[in-house]
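Here's the structure we're looking at; comments come further down.
Both ligands and their constituent atoms are indexed starting at 1 by order of listing.
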Amino acid sequence: MTIRSVLIANRGEIAVRIIKAAKALGIRTVQVHSAADAEMLAVKLADEAINIGSPAPKKSYLNIEAIIAAARAAGVDAVHPGYGFLSENGDFADAVEAAGMIFIGPSGEAIRLLGDKVAAREIAKRAGVPTVPGSDGRVADIDAAEVIAKHTGFPVMIKAAAGGGGRGIRIVRSLAELREQFPLASTEAAAAFGDGGLYMEKVITCARHIEVQIFGDGRNFVHCFERECSLQRRRQKVWEEAQAFLLPDDVRQRLCASAVALAAEVGYRGAGTVEYLYDEDSRQFYFIEVNTRIQVEHPVTEMITGIDLVQEMFKVAGGAPLSLSQSDIRARGHAIECRINAEDPAKGFLPAPGTVTRLSIPEGEGIRFDTMLYAGYTVPPFYDSLLGKLVVWAEDRNACLDRLAAALSNLTIEGLPTTIPLHLALARDPSVRKGAFHTRFLESWLETDFAAVDGVSAEVA
Ligand code: ADP
Ligand code: ADP
Ligand code: MG
């Protein structure tokens, strides 16, 4: 069935992105929103808007009954969950289907299976994808944890089976620390994710985070190359690139093929991402998890391949076979995305919502700004601090960095502090230029180099 109308069960920049894709396909859009989001851009752009509850996410964007009721009332064919919120909730996918509508994503069963990071590790192993050395399955208790730690050596990570968004991960450096942290990690995971299950992984030091964009229709599976997301703060991505710089071609081919093998193993449907850690010295890559949704950083893949991933999601969910075949998917040039957050880099990245008094967005070849902002908009304090993503493309990485620095200098958001100064400093940094970084780079750079170029903030302000 071709999708003719869709309800967007999300907010912020991704809701705007989904509406744009729907409009391009002639699909009617219904935007749900909380009481705090009546003025958001997606509400203004959608054909219809429905208030589904009070600001607290539990009462609105995580409220399955309220969203299904809105979808029924609006008579839509489908629901797009975006990222975050209910996007990786298998019960939500089932509820949408049970109400006779299409969930734009994999089946509830596939989401549950791959969303359990321990089950996903087993699937990866079955598909012949290398995983990080660590526990087989969930770790039953502290005695079992000690046996595994003695085997992998320290430091070792305790990870929540149901974790996500950089949360539910602890590093332990000794047996004493393990004994102390293991019960805490379990209690915390149970409280945060409703599942206290834990597993363990060896810490891959100085690794790069490299992930592969996959797409399937249940029968055919392709990859749209890889992204590098090594610049992270608190295990959350800050800056992403496509393709991964300095990745040897033979490794790239094996990496992308392994992600397709994993997709085939589960008969994957829709857009997904297979995440890995890559150790440059040994040229080894290790599976870490699958995200069964569109990702924040999907635009860098779109910029290098020319594919509209969100439009493709609509088509495949509507029952069309994948319009892409692997040989048609080619990568050209280089793309970088900077996440622009309402945070103050000078105050330890304290979230700082407020009203946008002036907004000036750079335009030009290879420049894209996916945003929820408009001049006069007041950013509510209840949600993620992501305001938008500046995405820049050029023929090669150096040209891309030059264009990015220029675009960042021409991006003006007045009225609230943003992470633009951080990105400008990164775009000009010699190590970043060389591509010499790993997942621990940014945090130490923030303490040394960024502190030293604080003049940048003054310059931008
Ligand atoms: P990951 O880093 O796990 O690959 P992504 O970076 O693709 O995940 O994005 C998921 C994260 O985005 C969530 O963990 C959450 O912190 C954040 N998020 C969720 N919903 C929204 C939203 N509507 N707007 C902005 N950010 C969101
Ligand atoms: P989430 O579900 O929160 O996204 P991930 O398992 O994808 O969790 O890990 C998030 C980040 O944490 C990775 O990008 C990486 O920086 C770090 N990380 C995770 N596992 C390991 C590991 N075994 N060794 C080193 N770093 C890791
Ligand atoms: Mg992850």
Chi angles and distances behind the side-chain hydrogen bond (donor to acceptor under 3.5 Å, both in side chains) call for Gln236, Arg339: CA-CA 11 Å; Gln236 287 183 349; Arg339 296 193 190 195; over 6 Å; no
Do any N or O atoms from the side chain of [X] and from the backbone of [Y] form a donor-acceptor pair under 3.5 angstrom?
X: Thr131; Y: Lys125; answer: no
X: Thr152; Y: Gly134; answer: no
X: Glu88; Y: Ile111; answer: no
X: Ser230; Y: His209; answer: yes

Just to be sure I'm reading this right: ignoring hydrogens, which of Arg440, Arg234, Met157, Glu289 gets closest to atom 27 (C) of ligand 2? Compare them by their nearest heavy atoms.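 It is Met157 whose heavy atom sits nearest to atom 27 (C) of ligand 2.
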Lys159, His209, Arg235: member with heavy atom nearest to atom 14 (O) of ligand 2: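 Among Lys159, His209, Arg235, the closest heavy atom to atom 14 (O) of ligand 2 comes from His209.
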Please indicate whether any nitrogen or oxygen in Gly165 is less than 3.5 Å from any nitrogen or oxygen in ligand 2.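 Yes - when backbone and side-chain N and O of Gly165 are compared with those of ligand 2, one distance drops under 3.5 Å.
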Under 4.0 Å from a heavy atom of [X]: give me the atoms of ligand 2 that qualify, with their elements.
X: Gly166; value: 1 (P), 3 (O)
X: Thr439; value: 16 (O)
X: Glu275; value: 7 (O)

Leu114 and Tyr268: CA distance, side-chain angles, deciding distance, side chain to side chain contact (heavy atoms under 4.5 Å, CB included) verdict: CA-CA 10 Å; Leu114 293 168; Tyr268 197 79; 3.8 Å; yes
Heavy-atom side-chain contact between Ile102 and Phe314 under 4.5 Å: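 Side chain of Ile102 against side chain of Phe314, heavy atoms only: no contact under 4.5 Å found.
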Strictly under 4.0 Å, does any heavy atom of [X] approach an atom of ligand 2?
X: Lys117; value: yes
X: Lys237; value: no
X: Ala207; value: no

For ligand 2, indicate whether the residue [X] contacts it via side chain, backbone, both or neither (heavy-atom separation under 4.0 Å).
X: Lys202; result: backbone
X: Leu277; result: side chain
X: Thr205; result: neither

Closest Glu289 atom to the Mg ion (ligand 3) [N, O or S only]: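 For Glu289, the N/O/S atom sitting closest to the Mg ion (ligand 3) is OE2.
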Suppose we only allow N, O or S atoms; which atom of Glu275 ends up nearest to the Mg ion (ligand 3)?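 Of all N, O or S atoms belonging to Glu275, OE1 is the one nearest the Mg ion (ligand 3).
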Report the residue from Val238, Thr301, Val300 that forms a side-chain contact (heavy atoms from CB on, under 4.5 Å) with Glu337.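 Exactly one candidate clears the test, Val300.
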Just one of Thr371, Asp370, Ile14, Val296 clears the side-chain contact (heavy atoms from CB on, under 4.5 Å) bar with Leu386, so which one?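 That would be Val296.
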